[in-house]
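First comes the structure, then the notes that go with it.
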Amino acid sequence: MKKIKIVIAGPRGRMGKEAVYLVQNTDQFELTAVLDRKNNGMKLSDLDGFQNIDVPIYTDIELCFQETQADVLIDLTTPETGMYHAKTALEYGVRPVVGTTGFSKSDLDELEAICNEKSLGCIIAPNFAIGAVLMMKFSRMAAKYFGDVEIIEMHHDQKLDAPSGTAVKTAEMISQVREAKKQGHPKEKETIQGARGADYDGMRIHSVRLPGLIAHQQVIFGSEGQTITIRHDSYHRGSFMSGVKIAVETAMKLDTFVYGLENILE
C-alpha cells in the first residue's frame, strides 16, 4: 500500500503533537516534515517529546514543499497562518486538511475557487471530533421540530475566537431547516450588554472560557412543556484525531473543497 506523505504545521502545539503521534502510529501515513515558526534546520527529534522522529523542521512553507514530498498538509495553527498555509499548499499540489477555526466566508470562498481551479481536495473542519459532528447533525434534525434553540459552547481560556467555529457551524446547519425568528420576549432588554449572547438568525450563542475546559458544547431546544439538550464533550485532544485521520484519507480522493466533517461522514 502506498503511504500518504504528510507535512504537519504547528507540531509543538497541543493539537499538533497529537497529530504527529497520529501519523506516526498509522501504518498508511508517513510524516515527511513539519512546519514551525522557529527551530528551522533542526530535526523534530531534537525537541522534547519527539524522540526518534527524524524529520526536518521548516519555517518556510515553500522551501518545505520544494525540498520534501507531500500529499497532504495537516494544519492546526491559527486562522491567519492556516489560510496562508492552505493557499500555498494548493499552489504546490498538496491537499490541505485544516482544523483551525475563525475563517471568514470570503476565506472559504477563495479556497474553494482555488480547489476548483486546481482540481484538488481540501477539507476545512471546525471540529474533528466525530462526536461533535454527530452533535451538529442531531441538532439539525431536532431543529425541524423545535424552532427555539440556544447554543452554549465552552472552551479553555486560551482559545482566541468566540463564538467557536463549531458553534457557528452548528447555527449554520440549524438555520438550513429553521425559519429565522427572534426568540424570547418581544420587549426583552439586556440590563448588561451581551447578557443574551450573540444573535444568529434569532438563535442565541453563548461562549464560556475557563481554565480546565477543553472543548464542550450543548444545544438546548425548547417547546411547549418540554426541552431537549444535545451535548458533546471533548476531555482530551486525542478525541479529534479520528476525524483528522478520516479527513486525510478522504482528501486524497477529492478534487473539490469541503467545509465541515459532516459532509464526508456517511
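Note that these values count all heavy atoms, side chains included, but never hydrogens, waters or copies made by symmetry. Position 1 is the first residue of the sequence, and the numbers go up from there. Here the structure is a predicted model, which is why all the values come from computation and not from measurement.
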Under 3.5 Å donor-acceptor, [X] side chain and [Y] backbone:
X      : Y      : answer
His216 : Ile214 : yes
Asp46  : Met42  : no
Thr32  : Ile6   : yes
Ser239 : His236 : yes
Asp71  : Lys5   : yes
Arg95  : Val72  : no
Thr81  : Thr77  : no
Glu112 : Phe257 : no

Can you measure from [atom1] ([X]) to [atom2] ([Y]) and round to the nearest 0.5 angstrom?
X      : Y      : atom1 : atom2 : value
Thr170 : Glu262 : OG1   : CD    : 9.0 Å
Phe221 : Asp148 : CZ    : CG    : 10.5 Å
Met173 : Arg140 : CE    : CZ    : 6.5 Å
Met252 : Gln28  : CE    : CD    : 11.5 Å
Tyr84  : Glu80  : OH    : CD    : 14.0 Å
Leu108 : Ile124 : CG    : CD1   : 7.0 Å

If you look at every heavy atom in [X] and [Y], which pair is closest and at what distance?
X      : Y      : value
Met83  : Asp107 : CE-O, 3.5 Å
Pro126 : Lys169 : CG-CB, 4.1 Å
Thr227 : Gly222 : CG2-CA, 4.2 Å
Ala9   : Asp75  : CB-OD2, 3.3 Å
Pro163 : Arg209 : C-NH2, 4.3 Å
Val20  : Pro11  : CG2-CB, 4.0 Å

Stepwise, does the side-chain contact (heavy atoms from CB on, under 4.5 Å) test hold for Gln183 with Met203? CA-CA 7 Å; Gln183 297 179 177; Met203 290 179 274; 4.2 Å; yes
Do you see a donor-acceptor pair shorter than 3.5 Å between the side chains of [X] and [Y]?
X      : Y      : value
Glu153 : His155 : yes
Thr166 : Ser164 : no
Ser45  : Asp54  : yes
Ser106 : Asp109 : no
Tyr58  : Glu67  : yes

More than 12 heavy atoms of other groups within 6.0 Å of Glu179 CD: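 Not more than 12 within 6.0 Å, no.
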Can you establish whether the number of heavy atoms outside Met141 located under 6.0 Å from its atom CE is more than 12?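 12 or below, so no.
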For a 4.5 angstrom cut-off between non-hydrogen side-chain atoms, does [X] reach [Y]?
X      : Y      : value
Asn40  : Ile57  : no
Tyr92  : Glu62  : yes
Met136 : Glu172 : no
Ile151 : Gln217 : yes
Val94  : Phe65  : yes
Ile4   : Val248 : yes
Thr26  : Val23  : no
Leu31  : Ile8   : yes

Please identify which of these residues, Thr229, Val219, Val208, meets the side chain to side chain contact (heavy atoms under 4.5 Å, CB included) condition with Ile152.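 Testing each of Thr229, Val219, Val208 against Ile152, the sole residue satisfying side chain to side chain contact (heavy atoms under 4.5 Å, CB included) is Val208.
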Could you walk me through whether Asp199 and Lys182 pass salt bridge (charged side-chain N to carboxylate O under 4.0 Å, His left out), step by step? CA-CA 9 Å; Asp199 187 319; Lys182 180 177 173 56; 5.4 Å; no
Same cluster (ILVMFWY, side-chain, under 4.5 Å), [X] and [Y]:
X      : Y      : answer
Val97  : Leu35  : no
Val55  : Tyr21  : yes
Met135 : Met154 : no
Leu265 : Ile174 : yes
Leu134 : Tyr145 : yes

Going by an N to O cut-off under 4.0 Å, is there a salt bridge joining Arg12 and Asp36?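 Here Arg12 pairs with Asp36 in a salt bridge, since their nearest N and O are under 4.0 Å apart.
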Check ion pair Glu110-Lys105 (N to O, under 4.0 angstrom):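 No.
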Test salt bridge (charged side-chain N to carboxylate O under 4.0 Å, His left out) on Lys159 and Asp157 and set out the steps. CA-CA 6 Å; Lys159 186 170 178 59; Asp157 60 346; over 6 Å; no
Stepwise salt bridge (charged side-chain N to carboxylate O under 4.0 Å, His left out) test for Asp233 and Arg231: CA-CA 7 Å; Asp233 298 274; Arg231 177 170 176 138; 2.9 Å; yes
May I have the step-by-step check of salt bridge (charged side-chain N to carboxylate O under 4.0 Å, His left out) for Glu249 and Lys245, ending in yes or no? CA-CA 6 Å; Glu249 294 168 340; Lys245 182 176 182 292; 2.8 Å; yes
Trace of the side-chain contact (heavy atoms from CB on, under 4.5 Å) decision for Cys115 with Leu90: CA-CA 7 Å; Cys115 288; Leu90 289 168; 3.9 Å; yes
Answer with yes or no after comparing the ring centroid distance for Phe240 and Phe128 against a 6.0 Å cut-off, counting only values under it.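 Aromatic pair excluded; centres sit 6.0 Å or further apart.
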Using the rule given for side-chain contact (heavy atoms from CB on, under 4.5 Å), can you reason through His156 versus Leu210, listing the C-alpha separation, both sets of side-chain angles and the distance that settles it, and then say yes or no? CA-CA 5 Å; His156 55 89; Leu210 288 171; over 6 Å; no
Between Leu254 and Ile123, does a side-chain contact (heavy atoms from CB on, under 4.5 Å) hold up when you go through it step by step? CA-CA 9 Å; Leu254 294 175; Ile123 297 176; 3.9 Å; yes
